[in-house]
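Numbers here are sequence positions counted from 1. Just so you know, these numbers come straight off a predicted model, no measurement behind them. Note that ligands are numbered from 1 as they come in the structure, with each ligand's atoms numbered from 1 the same way.
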Amino acid sequence: MECYEQSRQRAAFVVLLFIVMLGSQAQAQLRTDFYSDSCPSLLPTVRRVVQREVAKERRIAASLLRLFFHDCFVNGCDASILLDDTRSFLGEKTAGPNNNSVRGYEVIDAIKSRVERLCPGVVSCADILAITARDSVLLMGGRGWSVKLGRRDSITASFSTANSGVLPPPTSTLDNLINLFRANGLSPRDMVALSGAHTIGQARCVTFRSRIYNSTNIDLSFALSRRRSCPAATGSGDNNAAILDLRTPEKFDGSYFMQLVNHRGLLTSDQVLFNGGSTDSIVVSYSRSVQAFYRDFVAAMIKMGDISPLTGSNGQIRRSCRRPN
Ligand code: HEM
Ligand SMILES: *[C@@H]1O[C@H](CO)[C@@H](O)[C@H](O)[C@H]1NC(C)=O
Ligand SMILES: *[C@@H]1O[C@H](CO)[C@@H](O)[C@H](O)[C@H]1NC(C)=O
């Protein structure tokens, strides 16, 4: 009887061990060589398409970088942002922070269809977003990094989560920003470095109107020049775009931080990083050393890419980035 009990316990232990091992398999780490056997020419293939698109329109690099951020901050880096609405769910594309704002979906489609021809059913849309973000930074003159891979794609997306405040609004206070990034395992230093992405790309008048008309910590000549293409009246010129980094808008450099030090941040959420608060010293250090910015930006991008990936047998490898299989 005792002997039976012991072997039962042993069997239970073995089963438990097996479950634990399965579990850790499901949380397998992302790794840089994930596709080195299954799709060896993935990276040059993605690079070629990004290069071609950036040659057509330099701004697309900024848009692709932002796409990855807006994916990762809503339920993790799972390509949920790429899903079109279906009968069973409303996707993230029309949520407030994305509607008429996020762009680059067609570029991801073009990359995905090339990659599907090359290695059918192997490479996730989530990983394509991660590689594309890195290539965009590199092609705009920033420093690259080895992208960790092995993410899988979600089968659903959430309009309500994308609208729930997990994506920071341009009116954010410093505390808001610190808390939102901390909720994703990112430190204040990571947050400041990642905000340096605003060294490229554009923002619409509606996102910075209150800043250029009502802010006190703004360089006056900067505010006046921005007002010329962004009328004060709500609804007029809302979609007029302005460059985020006045000095070198098409170069991934440290100039964004010099602008902040000169009170020329375009968004309220930019200038709060240098407004007498706890992150001032980080901004100053990046404004003095682009190498310090590059180092921290790369580290923070890798951390951002680690936000709740689907791995193992979770999720799927979508055939089209726009819909679940
Ligand atoms: C810190 C909090 C952040 C806030 C409040 C914020 C807000 C914004 C806003 C309002 C715009 C303009 C959108 C529009 O005109 O519709 C924008 C553009 C942009 N954001 Fe951010 N952002 C933040 C962080 C980031 C991060 C972490 C990245 C990437 C690592 C990023 C990359 C970009 C890029 C590249 C653009 C220009 C996009 C283009 O030209 O298409 N932002 N951001
Ligand atoms: C998204 O933008 C379009 C065009 O401006 C607008 O008609 C639509 O109502 C917006 N969608 C949501 C959910 O706000
Ligand atoms: C600036 O602030 C005033 C007073 O609060 C407000 O009436 C006005 O609408 C604001 N203007 C803009 C462009 O935000």
A.B. asks: Any atoms of ligand 2 less than 4.0 Å from a non-hydrogen atom of N100? List them with their elements.
C.D. replies: 1 (C), 2 (O), 3 (C), 4 (C), 5 (O)
A.B. asks: If only side-chain N and O atoms count, and only distance matters, is there a donor-acceptor pair under 3.5 Å linking R66 with S101?
C.D. replies: yes
A.B. asks: So, regarding R103 and ligand 1 (criterion: nitrogen or oxygen to nitrogen or oxygen, under 3.5 Å), is there a contact or not?
C.D. replies: no
A.B. asks: Which heavy atom in L180 sits nearest to a heavy atom in G165, and how many Å separate them?
C.D. replies: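 Smallest interatomic distance, heavy atoms only, reads CD2-O, 3.2 Å.
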A.B. asks: Tell me the nearest of H198, Q202, M140, H70 to atom 42 (N) of ligand 1, using heavy-atom distances.
C.D. replies: H198
A.B. asks: Can you report which non-hydrogen protein atom sits closest to atom 10 (C) of ligand 2, along with the distance?
C.D. replies: N99 ND2, 2.4 Å
A.B. asks: Minimum distance, heavy atoms only, to atom 4 (C) of ligand 1: which one of P168, A193, A61 is it?
C.D. replies: P168
A.B. asks: Would a search of protein heavy atoms around atom 4 (C) of ligand 3 find one under 4.0 Å away?
C.D. replies: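 Within 4.0 Å: no protein heavy atom nearby.
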A.B. asks: Hey, could you give me the CG/SG distance between L129 and C321, rounded to the nearest 0.5 Å?
C.D. replies: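 If we round to the nearest 0.5 Å, L129:CG and C321:SG are 7.0 Å apart.
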A.B. asks: Could you find the nearest protein heavy atom to atom 25 (C) of ligand 1 and give me its residue, atom name and distance?
C.D. replies: F69 CE2, 3.3 Å
A.B. asks: Answer with side chain, backbone, both or neither: which part of M191 has a heavy atom less than 4.0 angstrom from an atom of ligand 1?
C.D. replies: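 Within the 4.0 Å criterion, M191 makes no contact with ligand 1.
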A.B. asks: Does the side chain of R228 come under 3.5 Å of the side chain of N240 through a donor N or O and an acceptor N or O?
C.D. replies: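 No donor-acceptor contact under 3.5 Å links the two side chains.
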A.B. asks: Could you list the atoms of ligand 1 found under 4.0 angstrom from a heavy atom of R59?
C.D. replies: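 Under 4.0 Å from R59, ligand 1 has these atoms: 39 (C), 40 (O), 41 (O).
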A.B. asks: When the aromatic ring centroids of F257 and F293 are compared, is their separation below 6.0 Å?
C.D. replies: yes
A.B. asks: With no hydrogens and no angle check, do the side chains of D135 and T132 hold a donor and an acceptor under 3.5 Å apart?
C.D. replies: no
A.B. asks: Below 4.0 angstrom from a heavy atom of R209, which ligand 3 atoms are there? Numbered from 1 as shown, please.
C.D. replies: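 What qualifies from ligand 3 is 13 (C).
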A.B. asks: Heavy atoms only: which of A133, A203, C72, S269 is nearest to atom 12 (C) of ligand 1?
C.D. replies: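 The residue whose heavy atom sits nearest atom 12 (C) of ligand 1 is A203.
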A.B. asks: Can you name the one residue among L82, N75, I81 that meets side-chain contact (heavy atoms from CB on, under 4.5 Å) with D78?
C.D. replies: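 Looking at L82, N75, I81, the match for D78 under the side-chain contact (heavy atoms from CB on, under 4.5 Å) is N75.
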A.B. asks: Does K112 use its side chain to pair, donor to acceptor, with the backbone of V123 at less than 3.5 Å?
C.D. replies: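 A pair under 3.5 Å: yes.
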A.B. asks: Need the ligand 1 atom indices (1-based, order shown) with element for anything under 4.0 Å from a heavy-atom of A197.
C.D. replies: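 This gives 28 (C), 29 (C), 30 (C), 31 (C), 32 (C), 35 (C) as the contact atoms.
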A.B. asks: On the ring face of Y105, is K93 found with NZ or CZ under 6.0 Å from the centre and within 45° of the axis?
C.D. replies: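 The answer is yes, since K93 meets both limits relative to Y105.
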A.B. asks: Pairs of nitrogen or oxygen atoms closer than 3.5 Å, one from R204 and one from ligand 1: do any exist?
C.D. replies: yes
A.B. asks: Under 4.0 Å from a heavy atom of F181: give me the atoms of ligand 1 that qualify, with their elements.
C.D. replies: 1 (C), 2 (C)
A.B. asks: Verify whether one side chain among N262 and D219 offers a donor that lies under 3.5 Å from an acceptor in the other.
C.D. replies: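 Absent: no donor and acceptor within the cut-off.
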A.B. asks: Which residue owns the protein heavy atom closest to atom 9 (O) of ligand 3, what's the atom, and how far is it?
C.D. replies: N214 ND2, 4.8 Å
A.B. asks: Give the atom numbers and elements of ligand 1 that come within less than 4.0 Å of a heavy atom of S101.
C.D. replies: 13 (C), 14 (C), 16 (O)
A.B. asks: Go through the steps for H198 and D245 under the test side chain to side chain donor-acceptor pair (under 3.5 Å), then give the verdict.
C.D. replies: CA-CA 7 Å; H198 291 176; D245 169 11; over 6 Å; no
A.B. asks: So between T94, D238, N163, whose heavy atom ends up nearest atom 13 (C) of ligand 2?
C.D. replies: T94
A.B. asks: Just checking, any donor-acceptor pair under 3.5 angstrom between side chains of T156 and S154?
C.D. replies: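 No, no side-chain donor-acceptor contact under 3.5 Å.
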A.B. asks: Who's the nearest protein heavy-atom neighbour of atom 41 (O) of ligand 1, and how far?
C.D. replies: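 Among all protein heavy atoms, the one nearest atom 41 (O) of ligand 1 is S63 OG, 2.7 Å.
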A.B. asks: Is the closest N or O pair between S210 and ligand 3 shorter than 3.5 Å?
C.D. replies: no
A.B. asks: Does ligand 1 have an atom under 4.0 Å from some heavy atom of P169?
C.D. replies: yes
A.B. asks: For R318 and N325, which I'm curious about, is there any donor-acceptor pair between the side chains at under 3.5 Å?
C.D. replies: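 On atom types as modelled, these side chains do not qualify, holding no pair under 3.5 Å.
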A.B. asks: Does the protein place any heavy atom closer than 4.0 Å to atom 7 (O) of ligand 3?
C.D. replies: no
A.B. asks: Side chain, backbone, both or neither: which part of L177 has a heavy atom under 4.0 Å from ligand 1?
C.D. replies: side chain
A.B. asks: How far is atom 36 (C) of ligand 1 from its nearest protein heavy atom, and which residue and atom is that?
C.D. replies: R66 CD, 3.7 Å
A.B. asks: Checking a contact table here: which protein heavy atom is nearest atom 35 (C) of ligand 1, and how many Å away?
C.D. replies: A62 O, 3.1 Å
A.B. asks: Where the closest heavy atom to atom 10 (C) of ligand 1 is concerned, which of P170, A300, P97 has it?
C.D. replies: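 Comparing heavy atoms across P170, A300, P97, the nearest one to atom 10 (C) of ligand 1 lies in P170.
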A.B. asks: Hey, are D253 and T199 close enough side-chain-wise for a donor-acceptor pair under 3.5 Å?
C.D. replies: yes
A.B. asks: Find all atoms of ligand 1 within a distance of less than 4.0 Å from any non-hydrogen atom belonging to L267, and give their numbers and elements.
C.D. replies: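 Near L267, meaning under 4.0 Å from one of its heavy atoms, ligand 1 has 7 (C), 8 (C), 9 (C), 10 (C).
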A.B. asks: Taking 4.0 angstrom as the limit and counting only heavy atoms of S195, give me the atoms of ligand 1 inside it, by number and element.
C.D. replies: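 Answer for ligand 1: 1 (C).
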A.B. asks: Pairing donors with acceptors under 3.5 angstrom, does anything connect the side chains of Q271 and R211?
C.D. replies: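 Q271 vs R211: donor-acceptor pair found between side chains.
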A.B. asks: Centres of the Y286 and F297 rings: under 6.0 Å?
C.D. replies: no
